[in-house]
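First the structure, in the form of structure tokens, and then the observations on it.
All values reported here derive from a predicted model rather than from experimental measurement. Counting starts at 1 for both ligands and their atoms, in listed order.
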Amino acid sequence: MAGNWKMYKTPAETNAFFEKFRPLVEKSEHCEIVICPPFTSLAAAVEAAQGTRIRAGAQNIAWAKEGAFTGEISGAMIRAAGATHAIVGHSERRQYFGETDETVLKRTQAALESGLTPIVCVGERLEEREGEKTEAKLIDQFQTGIAGLTEAQFARIVIAYEPVWAIGTGKTATPEMAADAHRVIRGQARARFGKEAGEAIRILYGGSVKPDNSRTLMAQPEIDGVLVGGASLDPIGFASIVNF
Ligand code: 13P
């Protein structure tokens with residue numbers, strides 16, 4: 001159960017969140033819990049989560065180890081801040097910052113090389129959904145991105161299916177729509193990396209997940225977890241999603 005805070009929360013706001021959130025998930029041992037704050041609040045999140053099962057993740061990661069890459073943050077830096085995960089290829093990165101399937105693959109490999117768990121995002125846009133091109137899009141994203149990993153690398157990633165039209169819009173994919181998309185992705189995983197790897201890969205759903213729809217989404221056997229944006233900013237709401 002992962003929260004993507006996007007560009008919200010200062011370190012002080014992060015501390016305030018954890019004060020309330022920590023006791024609410026103290027006994028939640030059924031899942032991994034990851035909070036992905038902005039880089040500047042990563043250290044605060046790591047410190048506030050100390051002694052709990054809550055982990056912190058970055059929202060992006062550079063493909064290079066170091067160098068002249070203004071504005072980028074490397075895997076080693078993210079690790080040094082105490083994070084364990086990194087979101088890669090979020091649709092907002094693709095839409096506003098020129099992320100492509102090729103750079104997503106490079107960033108995924110960089111995360112793995114630095115010992116982080118990448119949460120690799122895929123998903124179709126509204127016009128692709130309406131043009132009945134969802135399946136083709138997911139296959140294309142898989143083939144051009146994730147399929148470039150080795151089997152050992154693939155075993156260490158998490159995939160997030162986030163239909164772009166459902167992000168921040170209040171429109172959630174129906175549990176059946178999400179499950180269909182997850183089956184396509186899992187089918188690709190099986191074909192490329194083998195049956196076992198296809199079964200084992202964890203696929204999260206993201207896009208307008210709220211406390212009142214998380215239970216029906218999680219009831220789908222195909223959905224292994226959720227990647228939550230807006231609703232993860234509220235400690236009570238996100239705790240109720242975690243404890244679906
Ligand atoms: P919302 O939950 O705000 O729709 O955002 C989803 C998302 O983009 C998570 O990465």
Side-chain angles (χ1 to χ4, degrees), residues 1-9 13-14 17 21 31-39 41-42 45 54-61 78 83-97 99 101 103-104 107-108 111 116-126 128-129 134 137-138 141 145-146 157-175 177-179 181-182 185 202-218 220 223-244:
M1 309 302 266
N4 172 12
W5 281 0
K6 308 193 178 183
M7 202 169 71
Y8 291 97
K9 292 197 195 289
E13 289 164 341
T14 300
F17 172 93
F21 184 63
C31 64
E32 284 181 41
I33 307 169
V34 183
I35 301 270
C36 302
F39 283 118
S41 292
L42 208 43
I54 310 164
R55 298 287 172 263
Q59 295 176 16
N60 188 19
I61 175 171
I78 294 166
T84 50
H85 292 66
I87 297 174
V88 180
H90 191 277
S91 69
E92 285 147 21
R93 301 286 327 159
R94 296 175 188 259
Q95 186 178 351
Y96 304 125
F97 304 100
E99 204 73 70
D101 290 327
T103 56
V104 170
R107 291 184 199 274
T108 304
L116 294 162
T117 300
I119 302 173
V120 185
C121 303
V122 295
E124 81 287 0
R125 295 193 305 259
L126 182 61
E128 290 157 342
R129 164 73 51 181
T134 298
K137 175 63 178 239
L138 294 174
Q141 283 181 330
I146 297 167
I157 74 167
V158 174
I159 297 177
Y161 166 63
E162 298 207 310
V164 180
W165 50 270
I167 295 178
T169 57
K171 287 186 203 157
T172 327
T174 63
M177 273 161 130
H182 284 214
I185 297 166
R202 285 175 296 172
I203 308 178
L204 314 183
Y205 168 78
S208 296
V209 176
K210 308 287 176 213
D212 61 5
N213 62 21
S214 58
R215 185 183 288 252
T216 43
L217 286 162
M218 289 304 296
Q220 295 287 327
I223 301 180
D224 302 314
V226 286
L227 179 56
V228 186
S232 72
L233 296 169
D234 169 46
I236 297 168
F238 189 51
S240 115
I241 292 174
V242 167
N243 298 323
F244 65 96

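- Residues V88 and I61 meet the side-chain proximity criterion, which asks for heavy atoms closer than 4.5 Å.
- Only the backbone of A166 comes within contact range of ligand 1, with a heavy atom under 4.0 Å; no side-chain atom does.
- Regarding atom 5 (O) of ligand 1, its nearest protein heavy-atom neighbour is K6 NZ, 3.1 Å.
- A donor-acceptor contact shorter than 3.5 Å links the side chain of Q59 to the backbone of C36.
- Smallest separation of non-hydrogen atoms from K9 and S41: O-OG, 2.9 Å.
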Which donor-acceptor pairs under 3.5 Å do side chains of residues 234-241 form with protein atoms, sequence neighbours excluded?
residue	atom	partner	partner atom	Å
D234	OD2	G237	N	2.8

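- At the shortest separation from atom 3 (O) of ligand 1 among protein heavy atoms lies G230 N, 2.8 Å.
- By the 4.0 Å heavy-atom criterion, G206 is excluded from the residues contacting ligand 1.
- Annotation for ligand 1: atoms under 4.0 Å from non-hydrogen atoms of S208 are 1 (P), 2 (O), 4 (O).
- Of all non-hydrogen atoms in M218 and G225, the two that sit nearest each other are SD-CA, 3.7 Å.
- Heavy atoms only, all atoms of each residue included: Q141 and G123 are closest at OE1-N, 2.8 Å.
- A distance of 12.0 Å separates CD1 in I87 from CH2 in W5, rounded to the nearest 0.5 Å.
- Under 4.0 Å from ligand 1, the heavy atoms of N4 that appear belong solely to its side chain.
- Taking a cutoff of 4.0 Å between a charged side-chain nitrogen and a carboxylate oxygen, R94 and E162 do not qualify as a salt bridge.
- Atoms of ligand 1 found under 4.0 Å from any heavy atom of L227 (numbered from 1 in listed order, with element): 9 (C), 10 (O).
- In this view, W165 satisfies the ring-ring contact (aromatic ring centres under 6.0 Å, His included) rule with no residue, not counting sequence neighbours.
- Contact annotation: S91 has no heavy atom less than 4.0 Å from any atom of ligand 1.
- In this structure, K210 has no heavy atom closer than 4.0 Å to ligand 1.
- At a 3.5 angstrom cut-off on N or O pairs, H90 counts as close to ligand 1.
- Taking atom 2 (O) of ligand 1 as the reference point, the nearest protein heavy-atom neighbour is G229 N, 2.9 Å.
- Nearest protein heavy-atom neighbour of atom 7 (C) of ligand 1: E162 OE2, 3.2 Å.
- Of all atoms in ligand 1, listed by their number and element, those nearer than 4.0 Å to a heavy atom of G207 are 4 (O), 6 (C).
- Ligand 1 has at least one atom lying under 4.0 Å from a heavy atom of G168.
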